Visitor: 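What follows is a single structure, and I will ask about it in a moment.
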Amino acid sequence: MELTDLEKIRVEKVNRLRERGIEPYPTRANPTHTMQEALTLLEAAEKAGETPPQNVTLAGRIRAMRPMGKLTFAQVEDGTGRLQFFFRINEVGEENLALLSSEYDLGDFIEGTGNLMRTRTGEPTLQVLSFRMLAKAISPLPAAKDEVVDGKVIHHAGLTDPETRYRQRYADLVVNPEVRKVFTARAAVVKTLRNFLDDHGFVEVETPILQPIYGGAAARPFTTFHNQLKQSLYLRISFELYLKRLLVGMVDRVYEIGRDFRNEGVSFKHNPEFTQLEFYWAYADYLKVMELTEQMVAEVCDKVLGTRKVMYNGQELDFNPPWRRIEMRQGLLEVVGVDIYEHPTAESLSAALYKKGIEHNPNLTRGKMIEGLTSDYLEPSFIQPTFMYDYPRDISPLAKSKPGDPNTVERFEGFVGGMELCNAFTELNDPFDQESRFLEMGRAYEKEDEERHPMDEDYLRAMAYGMPPNGGFGMGVDRLVMLLTDNRTIREVILFPHLREREEE
RNA sequence: GGGUGCGUAGCUCAAUGGAAGAGCAGUGGCCUUUUAAGCCAUUGGUUGGGAGUUCGAGCCUCCCCGCACUCACCA
């Protein structure tokens, strides 16, 4: 470990403590209360007109120190909050006060025993009778104070450089308390999703992350290798094909919350690994799934934020059901002026687009072309929660066709803040239709294109046993957390986002 | 992968091609109720790395590394 000058000074303090027989990293801490508990006790005692709690022991990290000669104030913080410690020469003695000033630094963990009180200014305070080091911090926390320039106060956050914040998330969490709030909100989101689905009779399962055949989405996978079995394996790109096997096995309502891995570009809304929620619901269809989605997201808003009106990127989002619903065909007709149903082939659609002067890649399939149109002309305008429904068949190989319309499938995607949040369909359960969809996909992609949907024979075998009609759903949990915490980049809601490896000296 | 921008002390930021600075943190003092405490003094730099142009480079040129934004890609 390479030490800076500031760190060398702190190592010296460790050595001096040990020379005095004081262990700077004792094995145990013995707090009697958390900071929050202590504050609550103090307030309760005051309300009841009783003496505040005496002889309590509190532990935490020193975040501020104000030495004033024969007394010192410190702000000490644990995960529940901060409380002021008050060291006075009268109680702790001259020697200990000198020890505090010479060997204790910002960032150190300290334990203090004493009496709860309030100072003259009303600050809740532990009047310390005795204290000890719990853990010496060697590296100074990246905390900065504010600067006064030409009479103006310039506020500096403790740590703002995004690279350092993500690479040293531990330091970010210490000095930027709002970051901790994002991740407690994230935990509440996941918990609420679980509770909601549990309450609706869904069973949570865990399916393979290492898969011999990847599928369920169009994405390039990460590849790995099992040494003893001498077998190539892929990190899953979705849970879909395994969860639907469970419908065959009579698990009628099933869900999984876990990590997907996609070997693709990173962006403000893409991380190579991300948290996905998928559920499958026997005897339901995409309309029922739409309704359940609205209820589920509203419940998350209620439980996590206490409101369904959420500020995101300067705009108020209203998550009250029902969401806006737009048929893809109608949406494109209004904005692009082309009725996709009148153009059942890529050639015909391309010609119509040229006629309208709409830029597009004519070499794509019909579905891919339409997809390009929706992402360019429709999605960015879906700020309020919006379902777009009824998608082209050739980009939806696992979705069931609309009755009487083989070119269109019963599928919807939910958009919020101009960003895709979820994707769902009435699931295809006809094994022969499914087989031909896999074959179609195989033809649509080049052999070496890893997005090519590989044929999954076992999935077809499962379906051949009979799969109940069902509706399925997938949602990017990270994106939901972005929306609810007003973050415009996915890195802010992932504790340790992927960054390029950096050469260490 | 392409384009644009950024990288200076532990943190946040200054510095016409001409002596590398400030605030906070740190260190040494003063200070018995502070609240971003205050006052006095003071340490700290391979200006991301390398090469070049120049009498002289933090600043200009080239290469490399990393990050940000953006485009492409992306069920």
Side-chain angles (χ1 to χ4, degrees), chain A residues 3-10 12-13 63-75 82 84-91 97 101-102 105-107 117-125 127 138-150 153-168 171 175 215-220 237-238 240 262-270 272 361 367-368 370-372 374-375 391-399 409 411-413 420 422-425 441 450-451 453 474 488-489 491 497 499-505:
Chain A
L3 295 179
T4 65
D5 290 347
L6 294 178
E7 289 167 335
K8 283 173 188 158
I9 290 166
R10 292 191 178 204
E12 277 310 303
K13 296 181 181 187
R63 294 307 312 284
M65 265 217 273
R66 295 184 283 274
M68 308 191 54
K70 295 191 170 58
L71 51 86
T72 291
F73 294 95
Q75 290 273 332
R82 282 191 190 191
Q84 180 168 264
F85 279 25
F86 176 35
F87 307 82
R88 202 165 61 150
I89 198 166
N90 310 39
E91 284 82 30
L97 199 65
S101 122
S102 65
D105 288 294
L106 300 183
M117 57 166 281
R118 279 188 196 268
T119 58
R120 274 180 206 167
T121 53
E123 177 87 7
T125 298
Q127 176 154 40
I138 301 302
S139 305
L141 289 168
K145 284 196 180 172
D146 300 82
E147 178 184 9
V148 180
V149 176
D150 302 332
V153 177
I154 298 175
H155 179 74
H156 298 307
L159 179 65
T160 56
D161 175 43
E163 183 179 355
T164 313
R165 288 188 46 232
Y166 301 146
R167 286 191 196 279
Q168 301 186 32
V175 302
R220 278 174 300 195
I237 57 173
S238 88
E240 175 148 4
R262 297 189 183 174
N263 204 340
E264 290 171 350
V266 299
S267 79
F268 72 96
K269 51 183 176 180
H270 297 92
N361 179 351
K368 288 256 176 197
I370 292 172
E371 197 176 31
T374 62
S375 60
Y391 279 60
R393 164 191 162 113
D394 71 86
I395 53 168
S396 315
L398 301 163
V409 295
R411 172 179 173 189
F412 73 82
E413 290 185 307
E420 181 192 337
C422 57
N423 178 24
F425 22 94
M441 290 306 283
E450 285 184 291
E451 278 182 33
H453 224 95
R488 259 143 286 167
T489 156
R491 293 190 185 96
L499 298 179
R500 208 176 298 260
E501 192 169 18
R502 191 158 208 188
E503 264 179 71
E504 294 291 339
E505 306 256 326

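Chain identifiers are assigned alphabetically (A, B, ...) following the order of the sequence lines, protein sequences preceding nucleic acid strands; residue numbering begins at 1 within each chain. For clarity, every value in this text was computed on a predicted model and none was experimentally measured.
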Visitor: In whole Å, what separates the P atom of B:rG5 from that of B:rC62?
Guide: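 The same atom, P, in both gives a distance of 11 Å.
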Visitor: Should the pair A:Glu12-A:Arg10 be classified as a salt bridge under the 4.0 Å nitrogen-to-oxygen rule?
Guide: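 No.
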Visitor: Looking just at side-chain N and O atoms, do A:Arg118 and A:Gln84 make a donor-acceptor pair shorter than 3.5 Å?
Guide: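 No donor-acceptor contact under 3.5 Å links the two side chains.
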Visitor: Does the side chain of A:Arg66 get closer than 4.0 angstrom to OP1 or OP2 of B:rU34 through an N or O atom?
Guide: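 So the side-chain polar atoms of A:Arg66 never come under 4.0 Å of the phosphate oxygens OP1 or OP2 of B:rU34.
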Visitor: Pairing check on B:rU47: which nucleotide meets the Watson-Crick or G-U wobble criteria with it, both distances under 3.5 Å?
Guide: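 No nucleotide pairs with B:rU47.
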Visitor: Which of the following nucleotides, B:rU33, B:rC74, B:rA75, is nearest to the side chain of A:Glu264?
Guide: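 It is B:rC74.
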Visitor: Any strand counts, and the cut-off is 3.5 Å on both contacts for Watson-Crick or G-U wobble. Which nucleotide pairs with B:rC31?
Guide: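 Partner of B:rC31: none.
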Visitor: Going by purine N1 to pyrimidine N3 plus the second Watson-Crick contact, or the G-U wobble pair, all under 3.5 Å, which nucleotide sits opposite B:rA68?
Guide: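 Base partner found: B:rU4.
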Visitor: Rounded to the nearest angstrom, tell me the gap between atom CD1 in A:Ile9 and atom C1' in B:rU27.
Guide: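 That distance rounds to 6 Å.
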Visitor: Nearest to the side chain of A:Pro162 - B:rC11, B:rC67, B:rA25?
Guide: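 Ranking B:rC11, B:rC67, B:rA25 by closest atom to the A:Pro162 side chain puts B:rC67 first.
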Visitor: What is the distance from CD of A:Glu163 to P of B:rC69, rounded to the nearest Å?
Guide: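 Whole-Å distance recorded here is 12 Å.
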Visitor: Whether the side chain of A:Glu123 and the base of B:rU33 hold a donor-acceptor pair under 3.5 Å is what I'd like checked.
Guide: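 For A:Glu123, whose side chain was compared with the base of B:rU33, there is no donor-acceptor pair (under 3.5 Å).
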Visitor: If the cut-off is 4.0 Å, is A:Thr160 near the phosphate of B:rU12, judged by side-chain N/O to OP1 or OP2?
Guide: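 A:Thr160 to B:rU12 OP1/OP2: side-chain N or O found under 4.0 Å.
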Visitor: Starting from the 5' end of RNA chain B, give me the residue, A:Arg262 or A:Val266, whose nearest nucleotide shows up first.
Guide: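 Its nearest nucleotide lies further toward 5', so the answer is A:Val266.
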Visitor: Does a side-chain N or O from A:Lys368 land closer than 4.0 Å to OP1 or OP2 of B:rA75, or not?
Guide: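 Answer yes for this pair, as a side-chain N or O of A:Lys368 is under 4.0 Å from OP1 or OP2.
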Visitor: Using the P atoms only, state how far B:rC60 lies from B:rC67, rounded to an integer number of Å.
Guide: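 After rounding to an integer number of Å, I get 23 Å for this pair.
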Visitor: Could you please name the option among B:rA68, B:rG44, B:rU32 that lies closest to any side-chain atom of A:Asp5?
Guide: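 Minimum distance to the A:Asp5 side chain belongs to B:rG44.
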Visitor: The side chain of A:Ala217 is closest to which nucleotide in this list: B:rU12, B:rA75, B:rU34?
Guide: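 The closest nucleotide is B:rA75.
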Visitor: Taking atom P in both B:rG21 and B:rU46, what distance in whole Å separates the two?
Guide: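 These two P atoms come out 14 Å apart once rounded.
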Visitor: Check every atom of B:rU33, B:rA75, B:rG26 against the side chain of A:Arg88 and return the nucleotide holding the closest atom.
Guide: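 Closest nucleotide to the A:Arg88 side chain: B:rU33.
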Visitor: Any idea which of B:rC74, B:rA75, B:rA37 is nearest the A:His270 side chain?
Guide: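 Minimum distance to the A:His270 side chain belongs to B:rC74.
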Visitor: When you get a sec, tell me which of B:rU32, B:rC67, B:rC11 is the closest nucleotide to the side chain of A:Ile89?
Guide: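 Output: B:rU32.
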Visitor: The side chain of A:Leu106 is closest to which nucleotide in this list: B:rU33, B:rC67, B:rA25?
Guide: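 The closest nucleotide is B:rA25.
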Visitor: Which base sits across from B:rC11 as a Watson-Crick or G-U pair, both distances under 3.5 Å?
Guide: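 Here B:rC11 is engaged in a pair, and the nucleotide opposite it is B:rG23.
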Visitor: Is there a donor in the side chain of A:Tyr391 and an acceptor in the side chain of A:Glu413, or the other way round, less than 3.5 Å apart?
Guide: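 Per modelled atom types, A:Tyr391 and A:Glu413 side chains form a pair under 3.5 Å.
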Visitor: What is the nucleic acid contact for A:Asn90, judged by heavy atoms within less than 4.0 Å: base, sugar-phosphate only, or nothing?
Guide: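 Base, at least one base heavy atom under 4.0 Å.
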Visitor: Report the base-pairing partner of B:rG52 (Watson-Crick or G-U wobble, both distances below 3.5 angstrom), or none.
Guide: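 Checking every strand shown, B:rG52 finds its partner in B:rC60, with both distances under 3.5 Å.
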Visitor: B:rC67, B:rU33, B:rA75: which one has an atom nearest the side-chain heavy atoms of A:Ala218?
Guide: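 The closest nucleotide is B:rA75.
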Visitor: Using only side-chain N and O atoms of A:Arg491, determine if any of them is under 4.0 Å from OP1 or OP2 of B:rC69.
Guide: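 Result: yes.
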Visitor: If you check every side-chain atom of A:Met68, which of B:rU33, B:rA25, B:rA75 has the closest atom?
Guide: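 Of the candidates, B:rU33 comes closest.
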Visitor: OP1, OP2 of B:rU27 versus side-chain N and O of A:Lys13: anything below 4.0 Å?
Guide: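 Yes, within the criterion.
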Visitor: Tell me the closest heavy-atom pair linking A:Lys13 and A:Asp105, and the distance in Å.
Guide: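 Residues A:Lys13 and A:Asp105, closest heavy atoms: NZ-OD1, 2.8 Å.
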Visitor: Measure the distance from CD on A:Gln75 to P on B:rU33 and round it to the nearest whole Å.
Guide: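 For the pair A:Gln75 CD and B:rU33 P, the rounded distance is 17 Å.
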